[in-house]
Each structure stands twice: as structure tokens, then as C-alpha cells.
K.L.:
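To start, I am sharing the structure in question, which I have written as C-alpha cells.
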Amino acid sequence: MKELPTTYQANTTEDRIYKLWAKSGFFNPDKLPGRRTKPFCILMPPPNANDPLHIGHAVFVTLQDIMVRYQRMRGKKTLWLPGEDHAGFETQVVYEKKLEKQGRSRFGMTREQFYSEVSEYTQANRKTVRAQLQKLGASCDWSRDTFTLDKHVIATVYATFKKLVEEGLVYRGERLVNYCTKHQTAFSDLEIQHETRKDPLYYIAYGPIQLATVRPETKFGDTAIAVHPADKRYKQYIGKEIEVETLLGKKKIKVVGDTMVDPEFGTGAVKVTPAHDANDFELWNKHKGEIPDPIRVIGKDGRLTDVAGPYAGLKVMEARARVVEDLKAKGLLVKTDENYEHALALCYKCKSVIEPQLLEQWFLKTRPLAKPAIKAVKEGTTAIIPKSYEKTYFHWLKNIKDWNISRQNWWGIEIPAWKCQDCEEWTVSEGKTPASCSQCHGKRLEQDPDVFDTWFSSGQWPFAVLKFPQGKDYKEFYPTSVMETAYDILFFWVARMMMLSLYRTGKVPFKTIYLHGLVRDKDRQKMSKSKGNVIDPLGVLEAYGTDALRLALTIGNSPGQDTVISEDKIRGYRNFVNKLWNIARFVLLETEGCKPPKKLSLQDRKLMGEAAAVAEAVTRDMELYRFSQAVERIYHYAWHTFADKILEDSKKVLKDEKLKAGRQYALLHILKIILALLHPFAPFVTEELYQKLPRAKKQSLLMIEKWPV
RNA sequence: GGGCACUUAGCUCAGGGGUAGAGCGUUUCCUCGACACGGAAAAGGCCGCAGGUUCAAAUCCUGCAGUGCCCACCA
């Protein structure tokens with residue numbers, strides 16, 4: 001046989017092996033050999049098509065590929081469906097940053113021009129992402145590769161929207177929403193972050209009542225004062241109007257009693273500014289008719305509106321300083337608590353302060369959808385690994401509020417709703433522009449300029465991508481087997497897929513949810529580009545090979561727990577891959593041209609039995625999703641039992657002509673088991689070695705070999 | 001204000017009722033025909049603290065202390 005080099009050459013092997021797999025067609029479940037009746041399906045969480053992959057993606061690619069390769073070897077009909085995400089707002093932000101660097105802005109472009117540029121950009125990124133996934137060894141079915149803006153996906157999203165509207169689960173309403181004045185769009189509750197800040201709390205004289213506020217600049221929008229109904233200090237004023245001195249002169253204002261007010265806080269009296277505070281909005285809603293409608297003080301650009309008189313046009317913080325100064329001059333500022341700590345809502349992307357805004361948006365009533373989603377996990381129809389996340393899942397779904405699914409963005413799926421210019425009613429279609437208004441049959445219709453929250457469409461991924469309701473894949477692979485993703489999108493994505501999939505199909509989208517942790521560097525820091533501590537997956541692959549990276553990402557990684565990766569660790573497993581290479585090299589060298597033994601010695605049988613026991617233990621680990629343990633077990637057996645003990649011992653045994661053939665047989669047998677067990681984790685080196693093994697079928701691949709149970 | 005997780009070798013982490021494990025690092029020896037990306041050996045741990053259950057606890061339970069994360073409309 002040909003002399004093999006003493007070190008494994010990952011970079012000249014991997015592409016060749018991947019092509020071999022791809023050529024076989026076995027990534028596609030329909031082309032798998034043998035009778036395969038049991039389906040196994042994973043939908044890849046589509047990576048954002050706005051940037052190359054990072055090491056975090058390598059984690060899920062590895063874990064999912066492990067599951068899929070394992071099940072394929074176990075004889076299942078396996079579908080791993082890849083996709084890429086247009087990632088609406090995220091991509092828009094990325095692209096706007098690019099524009100900024102070029103000295104351009106989307107506000108100097110038409111919407112069509114911007115859309116087509118971003119479209120081109122994401123298509124280019126899709127190619128990069130696909131190439132990277134292949135480099136990582138992903139055995140997914142490229143013939144089913146789906147973009148989140150593909151026709152059938154959008155059609156599904158539109159059908160769902162229409163159904164929701166018809167069934168009264170989606171409604172149009174003017175509500176106080178989280179609004180970022182920098183990005184000029186509303187968000188859902190999940191897209192805002194809370195941060196504890198220290199801000200001055202101002203005590204202001206309001207006629208006979210004092211009140212405390214951190215936002216004196218919104219005073220111009222006060223429509224009432226609220227106190228606790230049982231508060232003796234203020235009882236006399238409840239239901240009455242009091243005259244107060246303000247910066248804009250004298251003003252009459254109503255005092256209402258409501259238990260929402262905490263008499264212990266501040267002075268026990270609150271100004272009610274329904275246009276700019278969620279609590280106040282709720283208060284106004286409860287006391288509608290009794291107190292005037294909300295007055296907008298802050299516009300969408302974050303500047304004060306005309307109702308602020310001389311302060312109009314000022315930005316919030318400028319206005320606050322001026323107002324405080326003037327209140328002081330007028331003797332209306334009683335005192336200031338400089339050390340007041342409170343939670344401030346920030347835009348998760350740019351950290352700008354969220355300005356609640358009164359906007360008309362599409363809202364999804366989530367409670368009716370949450371119920372079945374809770375039930376499915378409670379009853380075990382869908383299991384979450386690790387189990388501790390079930391509690392988190394329940395808590396979120398039990399406390400869920402209506403979901404604002406409108407976004408004031410350009411890049412995304414346009415909302416298929418048209419407003420009649422005559423009667424102001426909305427007509428919703430499944431995508432096509434309606435001929436006339438569904439209410440008054442007027443012809444003057446204008447489409448809502450907003451797009452859907454990306455998560456609204458992503459939430460429909462499982463059944464959209466499998467082509468519900470008539471698709472062959474839907475019938476064969478839904479509900480899917482495992483949803484494997486990071487725990488940080490449990491609410492954003494996983495819970496919403498549960499809700500929307502159950503709503504549309506009546507069935508859960510997946511039987512198991514496996515949540516992995518985030519990747520951190522060796523100092524436990526979260527990896528980020530701005531910190532400069534990211535490990536470039538492609539660079540690592542060049543240096544150490546894909547198998548080494550995959551092993552490093554798998555070993556020591558347990559569900560729900562963050563995982564640490566360092567170059568040292570990757571190098572360590574590169575060494576193991578090389579060890580394996582040399583183990584095989586030794587076995588191949590010592591068994592060249594060997595003949596089948598007449599009988600096996602007791603010792604050889606014992607060794608083979610031990611290997612079978614290892615295979616059994618590994619299988620148990622695999623079934624329980626304990627991948628780290630599984631691969632560590634093989635690692636240990638291959639290195640410290642097979643190499644250190646069995647191969648060393650064989651050096652003597654093989655010199656004995658009577659024992660030689662039996663031992664040769666045993667060594668090949670055990671090596672084959674090791675390669676097969678290790679294949680899901682380190683597919684390239686194992687396949688390459690398997691190809692060098694003497695075997696009956698010339699064309700066969702380790703990828704579809706039977707799992708050694 | 002709620003919830004969750006973590007605390008194990010110098011570092012980063014697996015494990016999980018019955019002689020403590022991995023990677024990297026450290027020390028000594030070894031160029032012996034699979035492999036120096038290697039081999040042989042070695043040092044290094046009251047498995048956070050305090051109770052409890054048990055024949056037996058690093059492992060289960062309770063409390064405490066630190067750390068991290070998530071949720072939350074405290075003007």
C-alpha cells in the first residue's frame with residue numbers, strides 16, 4: 001500500500017471529502033440508500049445573510065451535524081434543511097452602517113433602490129455563508145436551501161396574517177409602543193433592554209400638590225394628576241380640578257384616584273402623561289372620558305413638539321435642562337434627589353433611550369396562542385433540554401403581552417394591508433393588491449408602508465419551509481425532530497415558533513428543543529467584534545482543521561451552559577485527530593494483505609467485546625443528547641485503551657504467526673468501530689481513513705455506514 | 001422586585017450516590033520502525049461553606065455566601 005504521511009493533512013483532505021459526500025447525493029433524504037421509514041429532521045436556524053459566520057455559528061452547525069450524521073447512520077431518513085435569514089431590521093442596520101461609511105444614507109435613496117441594494121448584498125452573503133457551512137462539514141440538503149424571503153415562505157406568512165386578522169387575533173390599534181428615535185421604528189418588548197441608571201428625581205410644585213418625576217420635560221403633556229384613592233393627604237382633591245402654575249402659565253388639571261399609585265413613593269402624587277409613559281397610558285385608558293386625551297410632547301425625531309411652546313424643537317435632554325432651570329427660577333422646583341436609581345428602557349441595538357410613542361400598529365393577541373404552547377411543553381409533547389429552561393419558557397408565555405408586529409423599516413416583508421382613503425378601513429389580502437375596499441368598495445387604497453417584525457415571519461419557519469399544508473416534506477417531516485439553537489433566542493424565536501406553528505398546523509413544530517450556550521473566550525468574555533476577541537472560524541480551520549474545531553466545540557459543552565473556546569483547546573484536539581491518523585496508519589501497516597483468521601483467540605474476542613461495550617455506552621450518551629460525554633468516551637478509548645494498551649500489546653502478538661491473523665482481524669474490526677463512533681463528531685478524518693480501509697464495497701461511504709451497536 | 005444557572009487540579013471546563021476526569025500548563029526521563037501534533041512516569045484537588053438523608057454524598061435535600069445570566073411599566 002501507499003505510504004501515508006505521518007501527519008494528517010486536514011487542508012488538503014476536507015474539500016475532497018466534502019465533494020465525495022455531496023456527489024453521493026446522500027445529504028438529500030430522498031436519495032439515501034436502503035429502506036428508511038423513520039424520519040429525522042432538523043431545520044437549521046437560518047444564519048443572518050448580512051455577515052460571514054462566526055464561531056458561535058460553528059457551535060450549532062457542529063451539534064446539529066452530529067445529530068444528523070448519527071441518525072443517518074442509525075438508518076433514519078434524515079433531512080437537515082439549511083436556510084439563510086434576510087434578518088430584516090438587523091440587516092438594515094448593518095447595511096445603513098455600510099452606507100454611512102460611504103458617506104451615504106438611506107434617507108437620500110428611494111425605498112426601491114435601498115431594497116434592491118440590500119437584496120443584492122444579502123444574496124452575496126448567502127453564498128459566503130453556504131461556503132462556510134460546507135467548510136464546517138454540514139451534511140445538510142442543499143437542494144432544499146431556503147431564503148426567508150422565498151416566495152412560498154412569504155405566501156405562508158401572508159396566509160397566516162390574513163387568518164389572524166379574520167379571526168380577530170391581529171388588530172390595528174393606537175397604543176404606546178417602544179420607539180427608538182435613532183432608528184425611527186417601533187419595537188416589541190423583547191427588543192428593548194433595561195438598564196439601571198442614576199437620574200435626578202425632581203420634586204415639582206403643582207398648585208397645592210407636589211409630585212416627583214424624572215422627566216420634567218414631558219410636563220407639557222400632563223392631562224391629569226393621580227393619587228391613591230385612600231391617601232388622606234389628597235382625598236379632598238380627587239375628582240376635582242385644581243389650578244396650577246406651569247411654565248406656560250396657569251392651567252387647570254384634574255386629580256384622579258387610582259390604586260396604581262404607590263402612596264409611599266415620592267410624594268404619593270403622579271403626573272399623568274399618557275402620550276409618553278406606559279403606566280400613564282394605562283391610567284388614561286381606565287379613566288377615559290374623565291381626563292383629556294394624550295398630548296404628544298415628543299415627536300418621532302426625539303424633539304419637543306409645538307405644545308411645548310418655547311421649548312419646541314429642543315431635544316429631550318436639552319429640554320430637560322432648560323425646564324429644570326426655569327422651574328427653579330419660577331420657584332416651582334421644590335427639591336431634587338440626585339441619587340435616584342431607576343430602570344431605563346434602551347434600544348437593544350444602539351442603546352438610545354426608548355421614547356414611548358403613541359402609534360397605530362398591528363398587534364397580535366398572544367394570550368390565546370400562548371396557551372397551547374404552554375400546554376405542549378407541560379404535557380411533554382415538546383421537551384426542552386436542559387429542563388431548567390422550561391420554567392423560563394412558562395414564565396414568559398404566562399406573562400406575555402400583545403405583540404407589536406409592525407416595523408417602520410424598509411428591508412423586510414411588507415404588510416399586506418391596504419387602507420381605504422375614503423372610509424379609512426383596512427383591507428387585508430394574501431399579498432395581491434385588492435381591487436377595492438372590503439368595506440365601502442372604494443378604489444383609493446394605500447398599502448401600509450410598514451414591514452413585519454422579522455420574528456413574526458421567522459416564527460412560521462417550521463411549517464413555511466416544509467410547505468404547509470400540502471407539501472410532501474410537510475407531510476413527511478413535520479413535526480420536526482429537534483430544534484437546536486442558542487438559549488438567547490428562546491423567546492424571540494423558539495416560543496414564537498411554538499405559538500404560530502400550533503396555531504396554523506395544530507401540531508407542535510418540534511419534539512425536542514435543545515438549547516446550547518454562548519461561546520466565550522478563554523477569559524470567559526462574550527466574543528464580539530468590538531472587543532476584538534473573536535476567533536475567526538475560517539482562520540482556525542486553515543490552521544487546525546475542521547475536525548479539531550468541531551471536537552473542541554463539542555467536548556466540555558453541555559446544554560444551556562456557556563462554552564469556552566481557546567486556540568489551545570483546538571490545538572489539543574488537532575493532536576487527537578493526528579493521533580487517530582497514526583493509530584489507523586499503524587493498523588493499516590500491520591494488517592496489509594492479511595487473511596481472514598480460522599478462529600479468534602479468547603483475548604481477541606475479549607478486546608472486540610470491550611469495543612462493543614464502548615459502542616453501547618456511546619449510543620446511550622447519544623440518545624440522551626450527551627454529546628460531550630459520548631465523544632470523550634471515544635477519545636479515551638481510542639487513545640488510552642486502543643493505542644496505549646492494545647496496539648502496544650499487539651506489537652508482540654503480531655510476531656506470533658499463530659496469533660497474527662486473529663489479532664489483525666480484531667484490530668481492523670475495532671478500528672472500524674472507532675471510526676464509525678467518531679464520525680458524527682470528526683467526519684472528515686474518519687471518512688478519509690475509512691476510505692483507506694480494506695473493504696468489500698468499493699463505493700461505500702462511512703457517512704452511511706451502519707452505526708455499530 | 002422575581003426567576004435560573006454556576007462554584008470540581010495553576011487556567012478553562014466535563015462528570016455525578018460507592019478507588020476524583022479532560023484540554024492546556026508544570027516536573028523528570030525517552031529521538032525505541034504508528035505518531036515529538038508522540039511515549040513512559042510524576043506533581044497538583046477536605047469537588048464554595050454549614051447542616052440533613054443514606055451503610056455510603058463531590059454527586060440527593062435544606063440553608064448560607066460569592067459569581068454570572070434572564071425577566072420586570074418603581075412615577
Side-chain angles (χ1 to χ4, degrees), chain A residues 4-8 10 176 178 189-190 192-194 196 199 201-203 211-216 218 225-226 260-262 264-273 276-283 340-343 345 354 356 386-396 398-401 487-488 490-491 517-518 520-524 526 544-545 548 551-552 554-558 560-590 626-629 631-633 635-636 639-640 643-644 647-648 650-651:
Chain A
L4 295 177
T6 57
T7 49
Y8 167 62
L176 211 59
N178 307 303
D189 293 337
L190 281 180
I192 58 166
Q193 285 181 347
H194 291 278
T196 306
D199 279 311
L201 181 66
Y202 302 101
Y203 286 74
L211 42 80
T213 180
V214 283
R215 305 209 56 187
T218 62
I225 293 169
M260 273 176 74
V261 180
D262 174 10
E264 304 292 315
F265 186 90
T267 61
V270 199
K271 69 195 198 66
V272 182
T273 320
H276 299 290
D277 183 277
N279 270 321
D280 296 4
F281 183 77
E282 197 184 322
L283 250 161
Y340 175 62
E341 274 190 7
H342 66 139
I354 290 290
K387 209 172 163 55
S388 57
Y389 273 95
E390 286 185 0
K391 222 169 174 177
T392 317
Y393 172 87
F394 292 140
H395 182 261
W396 189 73
K398 275 180 190 155
N399 295 292
I400 199 165
K401 287 184 292 180
Y487 64 72
D488 62 343
L490 178 63
F491 307 144
L518 276 21
R520 299 181 181 270
D521 72 3
K522 63 182 192 327
D523 302 316
R524 280 220 60 107
K526 205 165 165 173
Y544 302 110
L551 289 168
T554 312
I555 296 177
N557 184 350
S558 65
Q561 230 48 56
D562 289 351
T563 177
V564 172
I565 189 86
S566 64
E567 202 169 320
D568 280 346
K569 189 174 178 186
I570 299 166
R571 194 187 304 121
Y573 291 107
R574 187 273 317 261
N575 294 353
F576 170 64
V577 168
N578 195 237
K579 182 73 184 182
L580 186 74
W581 176 261
N582 279 291
I583 286 170
R585 213 162 70 93
F586 177 78
V587 173
L588 288 169
L589 216 68
E590 297 296 336
R626 299 196 300 215
F627 306 119
S628 176
Q629 277 183 79
V631 66
E632 248 185 294
R633 203 185 291 278
Y635 177 103
H636 210 265
W639 198 319
H640 301 301
D644 291 351
L647 294 191
E648 286 309 317
S650 299
K651 285 177 182 172

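Within every chain, numbering begins at 1; the chains are lettered A, B, ... in the order of the sequence lines, protein sequences first and strands thereafter. Just so it is clear, the values below take in all heavy atoms, side chains as well, and ignore hydrogens, waters and symmetry mates.
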K.L.:
In whole angstroms, how far is the C1' atom of B:rA36 from the OH atom of A:Y8?
P.N.:
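Taking atom C1' of B:rA36 as the reference, OH of A:Y8 is at 20 Å.
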K.L.:
Contact between A:K651 and A:F586 at the side-chain level, heavy atoms closer than 4.5 Å - yes or no?
P.N.:
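In contact.
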K.L.:
Can you tell me, in whole Å, how much space there is between the P of B:rC71 and that of B:rA40?
P.N.:
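50 Å, rounded to whole Å.
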K.L.:
Does any donor-acceptor pair link the side chain of A:R585 with the base of B:rC35 at a separation under 3.5 Å?
P.N.:
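Looking at the base of B:rC35, it does not pair with any donor or acceptor on the side chain of A:R585 (distance under 3.5 Å).
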K.L.:
Taking only N and O in the side chain of A:Y635, is any of them less than 4.0 Å away from OP1 or OP2 of B:rG23?
P.N.:
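For A:Y635, the contact criterion (side-chain N or O under 4.0 Å from OP1 or OP2 of B:rG23) is met.
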K.L.:
Using a 4.0 Å heavy-atom cut-off across all strands, classify A:D644 as base, sugar-phosphate, or nothing.
P.N.:
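Sugar-phosphate contact only.
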K.L.:
Give the nucleotide from the list B:rC13, B:rC37, B:rA34 with an atom nearest to the side chain of A:T7.
P.N.:
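Of B:rC13, B:rC37, B:rA34, B:rC37 is nearest to the side chain of A:T7.
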K.L.:
When the P atoms of B:rA65 and B:rA56 are considered, how many whole Å apart are they?
P.N.:
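Pairwise P distance, B:rA65 against B:rA56, rounds to 29 Å.
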K.L.:
Using only side-chain N and O atoms of A:N575, determine if any of them is under 4.0 Å from OP1 or OP2 of B:rG38.
P.N.:
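Result: yes.
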K.L.:
Any base atoms under 4.0 Å from A:Y573, or only sugar-phosphate, or nothing? Heavy atoms, all strands.
P.N.:
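Sugar-phosphate only.
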K.L.:
If the P atom of B:rC70 is compared with that of B:rC64, how far apart are they to the nearest Å?
P.N.:
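B:rC70 and B:rC64 have their P atoms separated by 24 Å.
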K.L.:
Short question: side chain of A:D562, backbone of A:G517 - any donor-acceptor pair under 3.5 Å?
P.N.:
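Absent.
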K.L.:
Give me the distance, rounded to whole Å, that separates B:rU54 from B:rG44 when you measure between the C1' atoms they each carry.
P.N.:
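Per the computed distance, 32 Å lies between those C1' atoms.
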K.L.:
How does RNA chain B look in dot-bracket form if you count Watson-Crick and G-U pairs under 3.5 Å, write [ ] for pairs that cross, and put | where a base pairs with another strand?
P.N.:
((((((((.[[[[.)..(..]]]].(((((.......))))).....[[[[[..)....]]]]])))))))....
K.L.:
Base, sugar-phosphate or nothing for A:A345? Non-hydrogen atoms, less than 4.0 Å.
P.N.:
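Nothing: the residue A:A345, judged by heavy atoms under 4.0 Å, touches no strand.
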K.L.:
Calculate, to the nearest 0.5 Å, the distance between atoms OG1 and CZ belonging to A:T392 and A:F491 respectively.
P.N.:
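Those atoms lie 6.0 Å apart.
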K.L.:
For the base of B:rC35, is there a side-chain donor-acceptor partner from A:K579 under 3.5 Å away?
P.N.:
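Present.
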K.L.:
If you assign A:E590 and A:K569 each to the RNA chain B nucleotide with the nearest heavy atom, which residue ends up on the more 5' nucleotide?
P.N.:
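It is A:K569, whose closest nucleotide lies nearer the 5' terminus.
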K.L.:
Mind checking whether A:Y487 and A:Y389 have parallel, tilted or perpendicular rings, split at 30° and 60°?
P.N.:
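Ring orientation of A:Y487 relative to A:Y389: parallel.
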K.L.:
Side chain of A:R574, heavy atoms from C-beta onward: which of B:rA14, B:rC37, B:rA72 has the nearest atom to it?
P.N.:
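Looking only at side-chain atoms, A:R574 lies closest to B:rC37.
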K.L.:
Could you tell me whether A:K391 contacts a base, only the sugar-phosphate backbone, or nothing, with contacts defined as non-hydrogen atoms closer than 4.0 Å?
P.N.:
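Here A:K391 touches the backbone only, sparing every base.
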K.L.:
On a whole-Å scale, what distance lies between the C1' atoms belonging to B:rC13 and B:rC6?
P.N.:
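The answer is 12 Å between these two C1' atoms.
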K.L.:
Let me know the distance between NE2 of A:H395 and P of B:rC70, rounded to the nearest Å.
P.N.:
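Rounding to the nearest Å, NE2 of A:H395 and P of B:rC70 are 15 Å apart.
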K.L.:
When the P atoms of B:rC32 and B:rU27 are compared, how many Å lie between them, rounded to an integer?
P.N.:
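About 24 Å, rounded to a whole number of Å.
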K.L.:
Could you please name the option among B:rU12, B:rG21, B:rC35 that lies closest to any side-chain atom of A:T6?
P.N.:
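Nearest nucleotide to the side chain: B:rC35.
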K.L.:
A:V564 side chain: which of B:rU12, B:rG21, B:rA34 is closest?
P.N.:
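Within the option list, the nearest is B:rU12.
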K.L.:
Can you find a donor-acceptor pair, distance only, under 3.5 Å between A:E648 side chain and B:rA34 base?
P.N.:
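Side chain to base: pair found, below 3.5 Å.
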K.L.:
In this structure, how many angstroms lie between the C1' atom of B:rG39 and the CG atom of A:N578, rounded?
P.N.:
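In whole Å, B:rG39 C1' lies 14 Å from A:N578 CG.
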K.L.:
Counting the atoms with a prime plus P, OP1 and OP2 as sugar-phosphate, which does A:I555 contact under 4.0 Å by heavy atoms, base, sugar-phosphate, or nothing?
P.N.:
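Since no nucleic acid heavy atom lies under 4.0 Å of A:I555, the category is nothing.
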K.L.:
Verify side-chain contact (heavy atoms from CB on, under 4.5 Å) between A:L201 and A:F265, making sure each step is shown before the conclusion.
P.N.:
CA-CA 11 Å; A:L201 181 66; A:F265 186 90; 4.2 Å; yes
K.L.:
With a 4.0 Å limit, can you tell me whether A:S558 has a side-chain N or O closer than that to the phosphate oxygens OP1/OP2 of B:rA14?
P.N.:
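Checking B:rA14 against A:S558, a side-chain N or O does come within under 4.0 Å of OP1 or OP2.
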K.L.:
May I have the distance from A:H640 (atom NE2) to B:rA40 (atom P), rounded to whole angstrom?
P.N.:
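Rounded to the whole Å, the gap is 9 Å.
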K.L.:
Could you check whether A:Y389 gets within reach of a base, just the sugar-phosphate, or nothing at all, counting any heavy atom under 4.0 Å?
P.N.:
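Contact class for A:Y389: none.
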K.L.:
Between the main-chain N or O of A:G556 and the side-chain N or O of A:S628, is there a donor-acceptor pair closer than 3.5 Å?
P.N.:
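Yes; judged by distance alone, with no hydrogens or angles, the pair exists.
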K.L.:
Rounding to an integer number of angstrom, what distance separates B:rU26 and B:rC11 when you compare their C1' atoms?
P.N.:
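About 12 Å, rounded to a whole number of Å.
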K.L.:
Reading RNA chain B from 5' onward, which residue's closest nucleotide shows up sooner: A:G560 or A:W639?
P.N.:
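Going by which nucleotide is closer to the 5' end, it is A:G560.
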K.L.:
When you compare B:rA50 with B:rU31, how far apart are their P atoms, in angstrom units rounded to a whole number?
P.N.:
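Approximately 50 Å lies between the P atom of B:rA50 and that of B:rU31.
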K.L.:
Any donor-acceptor pair under 3.5 Å linking the side chain of A:W581 with the backbone of A:L4?
P.N.:
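Pair absent, no side-chain N/O of A:W581 close to backbone of A:L4.
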K.L.:
Checking all strands, does A:K651 fall into the base, sugar-phosphate, or nothing category for heavy-atom contacts under 4.0 angstrom?
P.N.:
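Base, at least one base heavy atom under 4.0 Å.
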K.L.:
In whole Å, I'd like the distance from the CZ atom of A:R633 to the P atom of B:rA22.
P.N.:
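From A:R633 CZ to B:rA22 P: 14 Å.
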K.L.:
Measure from the ring center of A:Y573 to the ring center of A:Y544 and say whether it is less than 6.0 Å.
P.N.:
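Judged by ring-centre distance (under 6.0 Å), A:Y573 and A:Y544 do not meet the cut-off.
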K.L.:
Quick one: pull up CE in A:M260 and CG in A:D280 and give me the separation to the nearest 0.5 Å.
P.N.:
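Output value for this atom pair is 7.5 Å.
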K.L.:
Contact class for A:R626 vs. all strands (heavy atom < 4.0 Å): base, sugar-phosphate, or nothing?
P.N.:
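Contact class for A:R626: sugar-phosphate only.
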K.L.:
Are the side chains of A:L190 and A:W396 in contact, using a 4.5 Å heavy-atom criterion?
P.N.:
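In contact.
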K.L.:
What residues in residues 264-273 of chain A put a non-hydrogen atom under 4.0 Å from any atom of RNA chain B?
P.N.:
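RNA chain B contact set from residues 264-273 of chain A: A:F265, A:V270.
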K.L.:
For the side chain of A:D277 and the backbone of A:V272, is there at least one donor-acceptor N/O pair under 3.5 Å apart?
P.N.:
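No, A:D277 side chain to A:V272 backbone: no donor-acceptor pair under 3.5 Å.
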K.L.:
Rounded to whole angstroms, how far apart are OH on A:Y487 and P on B:rC6?
P.N.:
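It is 12 Å, rounded to the nearest whole Å.
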K.L.:
Rounded to the nearest 0.5 Å, how far apart are OH of A:Y203 and OG1 of A:T267?
P.N.:
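Interatomic distance, A:Y203 OH to A:T267 OG1, rounded to 0.5 Å: 7.0 Å.
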K.L.:
Whole-Å distance between B:rU8 P and A:Q561 CD?
P.N.:
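The distance from CD of A:Q561 to P of B:rU8 comes to 13 Å, rounded to the nearest Å.
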K.L.:
Quick one: label A:F491 by what it contacts on the DNA or RNA (base, sugar-phosphate, nothing), any heavy atom closer than 4.0 Å.
P.N.:
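It contacts sugar-phosphate atoms only.
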